[in-house]
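Written out below as structure tokens is the structure these notes cover.
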Amino acid sequence: MEESSTDILVIGSGAAGSYAAMHAASLGARVSLVTKTKLLSGSTRWAQGGVAFPSDPNDIPSHLMDTIKAGRGLVDEHVSQTILNDALEQLNHLMEMGVHFDALPALEGGHSKPRVLHINGDESGLHLLTFLHSQLPAKVSSLENHFASQLISDGKAVGGAVFWKDGDPTRPVTIRARATIIATGGIGQVYSFTTNPEESTGDGIALAYRSGATVRDIELVQFHPTVLSNGGLISEACRGEGAVLLNKRGERFMKKYDPAGELAPRDVVSRSIYRETLDTGGVFLDLRPIRDLEHSFPTVYSSIVSLGLDPISEPVPIQPAAHFLMGGISTDEYGATSLANLYVAGEAASTGFHGANRLASNSLLEGLVMGSRAAGKAASSIPVAAGDCERYDTPGCAASYQTPIRELMSRYASVARDEDGLSTGFSEISTIPFAQACTSTEAETANLRLISLMILKGALERRESRGSHYRSDYPETNREAAHIQQQIKLEDSVTG
Ligand SMILES: Cc1cc2nc3c(=O)[nH]c(=O)nc-3n(C[C@H](O)[C@H](O)[C@H](O)COP(=O)(O)OP(=O)(O)OC[C@H]3O[C@@H](n4cnc5c(N)ncnc54)[C@H](O)[C@@H]3O)c2cc1C
């Protein structure tokens, strides 16, 4: 086995991981930044809208109120206040480094004023990430095509991770580290329809869970309402500019569900589209009210045209798709987990900032702030003797199970859920066999299986409707807002 050591190991090179790596290096640490594909990977690369920054210090209370309102009782007010307090410092830092944000902030769903900063129109994520990678200092050594298969952990502390070069378990690489930061992004690939890229298989969450870390509120998955059949997202900003939703009969319907119409919160719009699709056979977005669509929303326009559709002359078919995970590995306000020297930043974390429903463009903000904080804590962490894992076993399932997992999750655990469906999904996915993984695709499939079981279990336990989680058999919101935590029981045979 190839072995190396570093001060700080960062797994994942999206916004959270890259920013964390940069900060840790600026504090004098040697950093390894490792990704299973290319450096330019993950959801960050696809983010269109931008980053939500308070417009000035006086705007922090209002940004906080919007965040709390969207999160439906589950936002941690203290953590959110501290994230927003740090936001402007990070904005200044990015601008000093040379990031050029577009001049005018945009208004997005749920925000009471324009505060979303774009970088080069609707290609914000791509430009942000390319810029961060161009600034990585020499103290950061980056490794591409290294798949994290297991954390080095005795169940109490973490001392690095094992990777498979080119996804091949016969070429293992051990990287020992004083502190490890997981920044592996979300879980969208557990669903048939998702805006997330193929890397979003929940690997970091699965690895941390198997090592004993606490996972929280993983049943809280946000579905983006307006997604094309190729996974291309039609940004909320299009509805902000006048695009309207029509059912199969050509009727506008949103006002029937919410007085805000097309600009209602994401969960309301997704459920309304789901309902109208069942009732009338389909839903379409009419973008013709937007002037000069081709130039104002170039990514949206080209995504539609690539499907052979013409948004200038006809409404385009859309559906809700899995978009963002509010839950994840439970952390404190510095990204620390229940395991010593394991930190998490970005979408893989549950910090309490997003509650039960993320406010638009708050995720990149969280990734940047928490990336820098986790780096600060990791750089000053005291080395502990993390015992080795007892065995280097990585579970794997045959890749052919990916489609059935996605279909079951889309049928039973998407926009509308109920006890019968969730129980059926859980028992069917539990029966999928797993053994020692022979490829990284098999390991990813086992991760999809594990994440699906955790989502189903959490959704069964959450007997209420709250934010993005809608139970048709429990349509009311409980008076008490509660978190749902999950931690491995080592004897549990269905975890994989
Ligand atoms: C289409 C789209 C549009 C969006 N628009 C916005 C927006 O406008 N504003 C906003 O705030 N948010 C937006 N979001 C959400 C936001 O982009 C993500 O929440 C955020 O980018 C997540 O960043 P991250 O660094 O946590 O993870 P990611 O950017 O997803 O990066 C994850 C990294 O981990 C690596 N990785 C994963 N598993 C492994 C493994 N086993 N071993 C090694 N490496 C691994 C991946 O290769 C990748 O490098 C959007 C998301 C999508 C999909």
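Order of listing sets the numbers, starting from 1, for every ligand and every atom in it.
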Verify the distance criterion only: is there a donor paired with an acceptor across the side chains of [X] and [Y] at less than 3.5 Å?
X	Y	result
Thr201	Gln189	no
Ser80	Thr67	no
Gln485	Ser330	no
Asn357	Gln222	yes
Glu366	Thr351	yes

Does the residue [X] have a heavy-atom contact with ligand 1, meaning some pair of atoms that are separated by less than 4.0 Å?
X	value
His146	yes
Ile11	yes
Glu444	no
Ser13	yes
Gly125	no
Arg358	yes

Please work out which of [options] has its closest non-hydrogen atom nearest to [atom].
atom	options	result
atom 8 (O) of ligand 1	Gly367, Gly42, Gly49	Gly49
atom 49 (O) of ligand 1	Ser41, Ser124, Ser18, Gly328	Ser41
atom 27 (O) of ligand 1	Gly371, Ala20, Gly185	Gly185

Would you say [X] and ligand 1 have an N/O pair spaced under 3.5 Å apart?
X	result
Leu233	no
Ala345	no
Thr195	no
Gly50	yes
Ala15	yes
Ser43	yes
Ser361	yes
Glu199	no

To the nearest 0.1 Å, how far is [atom] from its closest protein heavy atom, and which atom is that?
atom	result
atom 11 (O) of ligand 1	Leu364 N, 2.8 Å
atom 6 (C) of ligand 1	Ala47 CB, 3.5 Å
atom 22 (C) of ligand 1	Glu347 OE1, 3.8 Å

Tell me which part of Phe163 gets within contact of ligand 1: side chain, backbone, both or neither, using heavy atoms under 4.0 Å.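 Phe163 to ligand 1: no contact under 4.0 Å from either part.
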
For ligand 1, does Arg45 get within less than 4.0 Å through its side chain, its backbone, both, or neither, judged by non-hydrogen atoms?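 Neither; no heavy atom under 4.0 Å.
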
Compute the centroid of each ring, for Tyr191 and then for Phe223, and state whether the two points are separated by less than 6.0 Å.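 For Tyr191 and Phe223, the ring centres are under 6.0 Å apart.
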
Would you please indicate yes or no on a ring centroid separation below 6.0 angstrom for Tyr19 and His23?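 Yes, the ring of His23 comes within the 6.0 Å limit of the ring of Tyr19, centre to centre.
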
How are the rings of Phe101 and Phe53 set to each other: parallel, tilted or perpendicular (split at 30° and 60°)?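 Because their plane-to-plane angle is over 60°, the rings of Phe101 and Phe53 count as perpendicular.
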
